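Quantities reported herein were computed from a predicted structural model and do not represent experimental measurements. When reading the values below, keep in mind they use all heavy atoms of this one structure, side chains included, and skip hydrogens, waters and symmetry mates.
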Amino acid sequence: MDISIKGLYKNAAEFLAGPIGSIVIHVVVLLAAGLLLATTMNKKKETEIEVQVVEIDEKQLDEELEDLKPPEDLPDMVDTVTPPDVDIDMDIPQEPQDFSAAPVMDTMTELNIASDAISPIVLKGLQAGQTSQRSGDGRAASIGAYGGAWGAAAEAAVLRALRWFKNNQGGDGGWSWVDGKKEQGKRAALTSLGILAFLAHGETPASEEYGETVTRAIRYVLACQDADGYFYSAREKGSDAAAYEQAICVYALSEAYGMTRIPSLKSAMDKGTAIIVKGIQRPNGGYDYQWKQEGRTDISLGAWCVQAMKAAWMAGCTVPELHDVMELELKSMKTHQVDSGHFKYSNAKSSPAYANMTAAAVLSMQLLGHADDRAVKDGLKAMADEKCVWAHPQNWAMYGWYYIAQAKFHEGGASWSKWNNMFAPQFVNNQMRSDDPKTDGAWRSAGATTKDNIDGGAKEDWGEDYAYTTALATLTLTVYYRFLPTYKPVEIKTVDQTSDTDVEIEIF
């Protein structure tokens, strides 16, 4: 190597090893580190996600839902179905009655139906039996598909009935017209039937016209529940109506929670449902007055308990043993069936077997997924020739027709068409129409107005109570869209998983 080059290397080495060289090296290192840090920070800024936690203040339901319109969960429309035009032919509704003198519960002023937040998520395409077809085009399509020639007229009657409930709601939010007087002992149950009538038509606290009415009614029923989960008359020892009221109130609150997801309703639903689950007789099933654990079993009470438990199950209630108890009750019901296919009211040997209880048992089995059971088929066969004639009613006519209509709707086919063409005109033509808001749009039970009764002339209890009869009539006429028929096949769609981070949601 050339000596001059060797000298150059030597001089450079000495320079770098000396004080000045040391300073230069440190400066270069610091500059490189700074450049690397700046590059790293820029990359972080490009991928940084800012998370802001917002605490949602609890609000009154009225404030939350002030501008909210009810969602329309629409099923797939069938091109061959033409939704009917509904003309309710109704005068402008008169102002609500003055209920300022009605007793108001002390707890009403402190009772809130509050929600932590209103979920923007709408679950569509739910299984048959859910409630997505109760509003909007879904309701219109169902009326067109199942209502036949009387579908539009039936819907008009329902709208008149809802106006009656709105115009005749008590100052405390409840309903009851027993000889013009409120009957406190059954008022929670009667109000719950009214709530179910509104929910059947897709009317919730978010509804534009009926939201306030529904909200006040729900508040009343909630105020009737104690800390243990029992409702008003359910706390009265010795009351045969107590168990009925418990089931009907749970039914209404479960549907309300299932359709609104208001968190405060879930606690009421769970506590009320736990009473029903605990009240069943073991090990053979069955329900009796006052939740007695042995002896007599009652199909009528059992059917309300089944409807309440199924509504709670659909809403996501997780009370232990709920599913097992529903199946246990069906086991008990089957022991009430006689050779003719009819079901007896109770398990007593002398208990009569007739269409009302047959329909109640059949509907219970249909709702719980046993529509193909031999007991159901025999029960439907036994009811094949049932009639709906206002001037010639059966015992507890409104009550029986409520169950028969639903059982035959779920049966479908010619049986449903025959019944629909019979019952719909009877209900529509016997709805009261007048200038008096106390009666306009309501029904009076056929069993309360005639002596020509096919079961011996006994009139229907509560038959003069317009809240009771109008609620049952409304629920009967909303059969077209209240639940999808159990025979309707469920559409199953294959969903391709696109990510390992997909969230799995279980729908009850």
Which heavy-atom pair separates Ala311 from Tyr251 by the least distance, and what is that distance? CB-CD1, 3.7 Å
Trp401 and Trp390: aromatic ring centres closer than 6.0 Å? yes
Ion pair Asp373/Lys334, N-O distance below 4.0 Å: yes
Establish, from distance only, whether the side-chain atoms of Tyr230 and Glu245 form a donor-acceptor pair under 3.5 Å. no
Between Asn356 and Tyr399, is there a side-chain donor-acceptor contact under 3.5 Å, judged purely by atom types and distance? no
With side chains defined as the heavy atoms from C-beta onward, is the minimum distance between Arg134 and Arg139 less than 4.5 Å? no
With sequence neighbours excluded, what pairs up with Ser415 under the side chain to side chain contact (heavy atoms under 4.5 Å, CB included) test? Lys408, Glu411
Is the NZ or CZ atom of Arg296 positioned over Tyr289's six-membered ring, under 6.0 angstrom from the centre and within 45° of the axis? yes
Partner of Phe231 under side-chain contact (heavy atoms from CB on, under 4.5 Å), chosen from Val250, Ile275, Ile248: Val250
For Asp339, what residues pass the salt bridge (charged side-chain N to carboxylate O under 4.0 Å, His left out) criterion, not counting sequence neighbours? none
Quick one: are Asn420 and Tyr480 in side-chain contact, heavy atoms under 4.5 Å? yes
Donor + acceptor pair across side chains of Asp465, Ser176 (<3.5 Å): yes
Which of these, Thr358, Asn347, Asp298, Thr297, sits in a side chain to side chain donor-acceptor pair (under 3.5 Å) with His336? Thr297
Can you tell me how far CG of Leu253 sits from SG of Cys317, rounded to the nearest 0.5 angstrom? 11.5 Å
Is the ring centre of Tyr210 less than 6.0 Å from the ring centre of Phe198? yes
Report the C-alpha distance between Asp172 and Arg187 in whole Å, list the side-chain angles of each, state the deciding distance to 0.1 Å, and finish with yes or no for salt bridge (charged side-chain N to carboxylate O under 4.0 Å, His left out). CA-CA 11 Å; Asp172 57 2; Arg187 193 166 172 78; 2.9 Å; yes
Using the side chain to side chain donor-acceptor pair (under 3.5 Å) rule, take Trp304 and Gln246 through it: C-alpha gap first, then chi angles, then the decisive distance, then the call. CA-CA 9 Å; Trp304 283 114; Gln246 184 75 23; over 6 Å; no
Validation row, ring centre Phe409 to ring centre Trp419 under 6.0 Å: no
Classify the side-chain pair Gln431/Arg160 by whether it contains a donor and acceptor separated by less than 3.5 Å. yes
Side-chain donor-acceptor pair present, His201, Thr474, cut-off under 3.5 Å: no
With a 6.0 Å cut-off on the ring centroids, do Trp175 and Phe165 count as close? yes
Measuring only between side-chain heavy atoms, which start at C-beta, is Met269 closer than 4.5 Å to Thr273? yes
When rounded to the nearest 0.5 Å, the distance separating CD of Glu255 from OG of Ser192 is 11.0 Å
Do the side chains of Asp385 and Lys418 get close enough for a salt bridge, i.e. N-O under 4.0 angstrom? yes
Set of salt bridge (charged side-chain N to carboxylate O under 4.0 Å, His left out) partners for Lys344, sequence neighbours left out: none
Using the side-chain contact (heavy atoms from CB on, under 4.5 Å) rule, take Lys266 and Arg261 through it: C-alpha gap first, then chi angles, then the decisive distance, then the call. CA-CA 8 Å; Lys266 187 178 189 305; Arg261 288 301 188 242; over 6 Å; no
